[in-house]
Amino acid sequence: MDFLKYCTVENNMLKLRAPLQKFMHGNILTDNESMIRQLNMLDRSGGCNTPLTILGDKGSGKTTIAQYAHSVSFDPKAPFVRINCSHFPSELLEQKLFGLNSNDKSSLLSQAVGGSLYIENIDRLSKPIQSRLMDYIDTIPQTRFIVSLSHSMSESKESLLINEIVYYFNSIIFEIPPLRQRPEDIILITFQQLQKMKRDYGLIREVSPAVMRALLSYDWPTNIRQLQSTAERLALLSDETVIDSISLLQSCLHTNKLLQGTDIDTQPSDETRSLK
């Protein structure tokens, strides 16, 4: 992708053409067409409690999407209750969701009334608990159920009550594209993180065209979380105001994979150099 759509080049450093606020959608920074289309869908459904299923790779920001859906559905003071099914054994999960008895007001189902209950990695729930949850859904008033999967839809079909949980009542599906398919967001999130480092720690760092090309060439297997931590390490470890070291980037990524722009300050290893 041509990053010059978003940036200008001044003395080998990139400057954003427009403020990041232009690309903010609530708490989400994006200029990706698929993301914007789906966010608009959530805006349109904000006045109802239609269930929402969020699909996406690890680190892609599923909790952020759940919080956005809650924000467009309810008053800010309405409860947003979250539980990650990966963190608890089945017995404790059942107790947390339903309480010790039907009158237990400490249960998450009770706490979420009038707001949203976000069940993260719902495919980690046992089938009996999923079935019990389905029985409760219709009985809880004014509550939006939001769920996400720990695996892709195809990987989860064997263990998940897919028709009941994901598609019940024509559940809205929000599928987050992996970061490698959102180059415009790689650019924006990098600038956002560098601005955060300046605001929080007084570190003034800019990125060079070569490093931005390298960032865009990487596949980001753990998505936004990995990009944010990489940009933070680049800012902390760079000795110069302008981050222009591909070697430093490779070190921050813990990879020997060749990135675009490696001719700036590194040479191919013997293993990757051609015979010619």
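For the single chain, residues carry numbers from 1 onward in sequence order. Heavy-atom basis, side chains included; hydrogens, waters and symmetry copies ignored.
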Undergrad: Atom SG in C7, atom CZ in F191: separation rounded to 0.5 Å?
TA: 4.0 Å
Undergrad: Assess the residue pair T63 and Q67 against the criterion (side chain to side chain donor-acceptor pair (under 3.5 Å)); give the C-alpha distance rounded to whole Å, side-chain angles, the decisive distance to 0.1 Å, and a yes or no.
TA: CA-CA 6 Å; T63 298; Q67 291 169 334; over 6 Å; no
Undergrad: Look only at the side chain of W220 and the backbone of L215, and say whether a donor-acceptor pair between them is shorter than 3.5 Å.
TA: yes
Undergrad: Check K62 against D57 and note the closest heavy-atom contact, atom names and distance.
TA: CE-O, 3.9 Å
Undergrad: What's the spacing between T190 OG1 and L234 CG if we round to 0.5 Å?
TA: 8.5 Å
Undergrad: If you count every heavy atom of other residues, nucleotides or ligands that lies below 6.0 Å from L92 atom CG, does the total exceed 12?
TA: yes
Undergrad: Between D104 and S106, does any side-chain donor sit less than 3.5 Å from a side-chain acceptor?
TA: yes
Undergrad: Counting only heavy atoms not in Q181, do more than 12 fall under 6.0 Å of its CD?
TA: yes
Undergrad: Using every non-hydrogen atom in the two residues, find where G114 and T143 come nearest and quote the distance to one decimal.
TA: N-OG1, 3.6 Å
Undergrad: More than 12 non-hydrogen atoms from neighbouring residues, nucleotides or ligands closer than 6.0 Å to CG on D2, yes or no?
TA: yes
Undergrad: Consider only side-chain N and O atoms of S208 and N12, and report whether a donor and an acceptor are under 3.5 Å apart.
TA: no
Undergrad: How long is the gap from CG on L39 to CD1 on I28, to the nearest 0.5 Å?
TA: 4.5 Å
Undergrad: Between S251 and S247, is there a donor-acceptor pair closer than 3.5 Å when you use the side chain of the first and the backbone of the second?
TA: no
Undergrad: If every non-hydrogen atom of L20 is compared with every non-hydrogen atom of L188, which pair is closest and at what distance?
TA: CD2-O, 3.7 Å
Undergrad: Between atom CG of L216 and atom CG of L179, what is the distance when rounded to the nearest 0.5 Å?
TA: 9.5 Å
Undergrad: Indicate the atoms forming the closest heavy-atom contact of A69 with L52, along with that distance.
TA: CB-CD2, 3.5 Å
Undergrad: Is the count of non-hydrogen atoms from other residues, nucleotides or ligands lying under 6.0 Å from Q195 atom CD greater than 12?
TA: yes
Undergrad: Under 6.0 Å from the ring centre and within 45 degrees of the ring axis: does the NZ or CZ of R213 meet both conditions for the six-membered ring of F3?
TA: no
Undergrad: Identify, with sequence neighbours excluded, every residue that meets salt bridge (charged side-chain N to carboxylate O under 4.0 Å, His left out) alongside R82.
TA: E120
Undergrad: Taking only residues at least two apart or on different chains, which pairs with a member in residues 194-204 satisfy salt bridge (Lys or Arg N to Asp or Glu O under 4.0 Å)?
TA: K196-D200
Undergrad: Examine the side chains of Q226 and T230 and answer whether a donor and an acceptor come within less than 3.5 Å of each other.
TA: no
Undergrad: Looking only at the side chains, is there a donor atom on one of N121 and N84 sitting less than 3.5 Å from an acceptor on the other?
TA: yes
Undergrad: Would you give the length of the straight line joining atom CD1 of I224 to atom CD1 of I189, rounded to the nearest 0.5 angstrom?
TA: 4.0 Å
Undergrad: Nearest 0.5 Å please: distance from the OG atom of S107 over to the NZ atom of K105.
TA: 8.0 Å
Undergrad: Using the salt bridge (charged side-chain N to carboxylate O under 4.0 Å, His left out) rule, take R132 and E94 through it: C-alpha gap first, then chi angles, then the decisive distance, then the call.
TA: CA-CA 9 Å; R132 185 180 177 188; E94 187 168 19; 2.9 Å; yes
Undergrad: Which pairs with one or both residues in residues 15-27 pass side chain to side chain donor-acceptor pair (under 3.5 Å), sequence neighbours excluded?
TA: K15-E206
Undergrad: Tell me the closest heavy-atom pair linking P177 and N32, and the distance in Å.
TA: CG-OD1, 4.0 Å
Undergrad: Check step by step if side chain to side chain donor-acceptor pair (under 3.5 Å) holds for S60 and N223.
TA: CA-CA 5 Å; S60 59; N223 293 284; 5.3 Å; no
Undergrad: Does CG belonging to D75 count more than 12 external heavy atoms closer than 6.0 Å?
TA: yes
